[in-house]
Amino acid sequence: MFFLSPIVKILTGQRGIGEEIASAICGYRTVRVAVMGSKRCGKTVLLTSLANHLREHDIQLLNLDGTRAVWDKTAIKGSSIDGMPLFDYGKARQSLAKGEWPEKSAEASVLAMRLKLKDRKGRKEEVLLEILDIPGERVADFSMMGKSYEEWCEWMENNLGGPNSGNTSYREYEEFLEQNDFAGKEEIIGRYKDFLAAQYASFSPCITPSTVKLELDGTPHGGSVENFRREMDAVPAGLRGKNGKALEFVPLPSSAFSSGSKLSKLAAEFGRNYKQYVKRVVRPMEKWLSSTQKLFYLVDVPSLLQAGSKAWNAEKNHGEAAIGALCPASGNSMLERLWKRTKNLFWKTEINAAYVVATKSDIVLSGADRENLCSLADSLFGRVLGILDSSVKTEILSCAAVKTTEEVTAGGKRGLEGRLDREGDKKTWVPSPVPESIPRSTEEWEKSKLEGRFNYQFPFPGFDVAEVCPPPHLGLDYIAREMLSI
């Protein structure tokens with residue numbers, strides 16, 4: 001598609017007039033992509049594998065529809081782009097070469113590559129591909145985008161305290177606030193941290209403010225549930241001011257914002273601290289994302305099935321909040337739609353494609369299971385994709401950026417083989433089938449006896465490979481083509 005004439009690209013809504021002029025002046029086209037998702041969903045692995053394949057492109061290993069990519073290793077200078085540090089590809093790739101998974105991202109970073117593309121007919125184009133990698137912990141904070149403190153509190157109450165959320169620990173926190181009008185600030189914050197510890201114990205991505213899990217300087221907190229709760233006592237639920245003072249905030253009930261409430265003074269303090277948090281943590285990512293053209297939201301469906309209904313519903317709520325905040329929603333009036341299309345005619349300033357990617361498709365057994373991964377991803381995020389503006393392309397797909405298993409047959413049974421211990425021999429197992437659909441409410445999960453039913457193994461990257469040889473994968477070529485608009 002990128003070899004179409006500039007006029008066709010403009011008329012079909014792929015590009016703006018300003019973008020075509022900028023490309024003609026610079027001699028290359030810039031594509032900005034955001035890769036998001038909860039922690040351990042495979043973002044760092046996807047970026048590392050994709051970069052490896054594009055840097056050492058072999059058309060037999062990464063099918064770009066007949067196009068060959070050549071990496072210009074001299075094009076990217078410096079250590080950051082628009083204030084974002086560059087993704088440490090070398091370190092991540094070395095981990096894969098040793099049969100280890102790369103360390104998770106401790107801060108937002110950008111993978112930048114200048115590529116010379118040549119199709120099978122000899123036509124050429126240069127593309128600057130910039131991919132923003134956002135730590136999974138920060139996804140929960142995207143519920144703050146575009147919201148005041150009071151609006152965020154209402155969002156938390158509606159999405160975590162609702163009857164279908166399965167989040168009894170948040171309802172317990174709400175009940176504590178209702179029954180203890182005279183509770184002090186420290187006790188309220190402590191009770192909310194108890195809720196966050198319960199979220200951590202159930203593998204839920206809803207840990208916000210996310211700095212209690214991953215501080216701004218990249219310091220992580222975790223380990224056992226007891227250790228995480230203990231570490232939170234020394235970490236503010238928010239930020240630290242220049243004088244070291246904790247600028248904490250936690251959600252309060254809607255009644256706290258009435259003038260006669262005993263919590264109104266505390267709500268005002270928390271509101272000020274919330275503004276500082278949004279300014280320093282959320283807005284820098286929001287600013288960079290404002291010029292992003294494509295969003296890839298990664299979701300680890302097998303891990304969510306194993307974790308249960310609480311983690312499933314928290315993923316749904318926070319993923320929907322992130323996608324909805326970043327992608328343009330359908331306009332409410334003809335005037336709004338006309339203005340949006342006129343603005344994008346000159347320069348496309350909004351995300352024009354949103355993809356939900358069900359990762360780790362190599363740890364399920366069959367093609368039908370991979371289709372069900374997509375069906376379950378659709379049950380998580382199909383609703384929010386459906387309310388986006390009609391100009392936004394949406395798609396749900398599956399991928400294994402690094403393929404870690406092989407299908408085998410033993411004793412008449414089909415199974416998977418992979419390296420479950422980094423230094424050990426390969427082992428064989430039979431993974432749980434992936435259901436076509438699952439209920440949302442905790443009660444329905446219990447009636448269906450789904451809790452604890454699912455069992456998946458997560459192997460190490462056990463391939464024997466030189467550092468420059470791209471790893472095997474499932475479905476990465478399609479993602480690469482979509483990113484590059486091939």
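Positions are given from 1, in the same order as the sequence printed here. This structure is a prediction, so every number in the text was calculated from the model and none was measured.
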Does a side-chain heavy-atom distance below 4.5 Å link [X] with [Y]?
X	Y	value
Phe458	Thr404	no
Gln199	Lys310	yes
Glu125	Asp119	no
Leu304	Leu380	yes
Val31	Leu484	no
Pro459	Ile363	yes
Trp429	Leu416	yes
Glu56	Pro470	yes

Starting at [atom1] of [X], measure out to [atom2] of [Y] and round the result to the nearest 0.5 Å.
X	Y	atom1	atom2	value
Arg481	Asn63	CZ	CG	5.0 Å
Glu436	Leu376	CD	CG	9.0 Å
Met285	Ile134	CE	CD1	6.0 Å
Asn352	Thr394	CG	OG1	12.0 Å
Asp389	Ile351	CG	CD1	12.5 Å
Leu128	Ile76	CG	CD1	5.0 Å

Quick one: closest heavy-atom pair of [X] and [Y], and the distance?
X	Y	answer
Pro102	Leu96	CD-CD2, 4.0 Å
Ala354	Leu388	CB-CD1, 4.2 Å
Leu117	Val127	CD1-CG2, 3.7 Å
Arg419	Arg422	CD-O, 3.4 Å
Cys374	Ile396	O-CG2, 3.5 Å
Pro471	Arg93	CD-NH2, 4.4 Å

Answer yes when Lys403 and Asp362 have at least one side-chain N-carboxylate O distance shorter than 4.0 Å, and no when they do not.
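Judged by the 4.0 Å cut-off on N to carboxylate O distance, Lys403 and Asp362 do not form a salt bridge.
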In plain terms, say whether Glu406 and Lys426 are close enough for a salt bridge, that is, a side-chain N and a carboxylate O under 4.0 Å apart.
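Between Lys426 and Glu406 there is no salt bridge, as every charged N stays at least 4.0 Å from the carboxylate O atoms.
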Does atom [atom1] ([X]) have a neighbourhood of more than 12 heavy atoms from anything else shown, all under 6.0 Å?
X	atom1	answer
Glu395	CD	yes
Glu103	CD	no
Glu286	CD	yes

Taking only residues two or more places apart in sequence, or in another chain, which ones meet [X] in a side-chain contact (heavy atoms from CB on, under 4.5 Å)?
X	value
Val408	Glu417, Thr428
Lys98	Glu100
Glu151	Lys147, Ser148
Lys287	none

From the options Trp155, Tyr277, Tyr274, select the one residue that forms a ring-ring contact (aromatic ring centres under 6.0 Å, His included) with Tyr149.
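Testing each of Trp155, Tyr277, Tyr274 against Tyr149, the sole residue satisfying ring-ring contact (aromatic ring centres under 6.0 Å, His included) is Tyr274.
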Going through the checks in order, is the side-chain contact (heavy atoms from CB on, under 4.5 Å) test met by His221 and Val212?
CA-CA 7 Å; His221 299 286; Val212 300; over 6 Å; no
Can any side-chain N or O of [X] pair as donor or acceptor with the backbone N or O of [Y] at less than 3.5 Å?
X	Y	answer
Asn372	Val434	yes
Trp312	Ala307	no
His318	Ser143	no
Arg138	Leu214	yes
Ser361	Arg370	no
Ser366	Asp369	yes

Considering the options Arg32, Arg114, Lys294, which one meets the salt bridge (Lys or Arg N to Asp or Glu O under 4.0 Å) requirement together with Glu130?
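Considering Arg32, Arg114, Lys294, a salt bridge (Lys or Arg N to Asp or Glu O under 4.0 Å) with Glu130 is found only for Arg32.
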Quick test of your reading: applying ring pair (Phe, Tyr, Trp, His ring centres under 6.0 Å), list the pairs with at least one residue in residues 103-143, sequence neighbours left out, ordered by first then second residue.
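Checked against ring pair (Phe, Tyr, Trp, His ring centres under 6.0 Å) - neighbours excluded - no pair reaches residues 103-143.
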Which residues share a ring-ring contact (aromatic ring centres under 6.0 Å, His included) with [X], sequence neighbours left out:
X	value
Tyr456	none
Trp288	none
Phe228	Tyr200
Phe381	Tyr297

Kindly state each residue pair satisfying side chain to side chain donor-acceptor pair (under 3.5 Å) with at least one member in residues 37-51, sequence neighbours excluded.
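Checked against side chain to side chain donor-acceptor pair (under 3.5 Å) - neighbours excluded - the pairs reaching residues 37-51 are Ser38-Glu315, Thr44-Ser105.
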Summary of side chain to side chain donor-acceptor pair (under 3.5 Å) pairs that have at least one residue in residues 376-388, sequence neighbours excluded
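Counting only pairs at least two positions apart or across chains, the side chain to side chain donor-acceptor pair (under 3.5 Å) contacts touching residues 376-388 are Glu320-Arg383.
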Would Asp141 and Thr208 count as a side chain to side chain donor-acceptor pair (under 3.5 Å) if you check the C-alpha gap in whole Å, the side-chain angles of each, and the deciding distance to 0.1 Å?
CA-CA 6 Å; Asp141 290 338; Thr208 182; 2.7 Å; yes
Would Lys427 and Asp421 count as a side-chain contact (heavy atoms from CB on, under 4.5 Å) here? Give the steps.
CA-CA 9 Å; Lys427 296 182 180 179; Asp421 299 311; 3.6 Å; yes
Assess the residue pair Leu64 and Ile59 against the criterion (side-chain contact (heavy atoms from CB on, under 4.5 Å)); give the C-alpha distance rounded to whole Å, side-chain angles, the decisive distance to 0.1 Å, and a yes or no.
CA-CA 7 Å; Leu64 297 181; Ile59 59 175; over 6 Å; no
Residues Leu46, Ile479; criterion side-chain contact (heavy atoms from CB on, under 4.5 Å); working and verdict:
CA-CA 10 Å; Leu46 186 143; Ile479 290 176; 4.1 Å; yes
For residues 203-218, pull every pair meeting salt bridge (charged side-chain N to carboxylate O under 4.0 Å, His left out), keeping only residues two or more places apart or in separate chains.
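Checked against salt bridge (charged side-chain N to carboxylate O under 4.0 Å, His left out) - neighbours excluded - no pair reaches residues 203-218.
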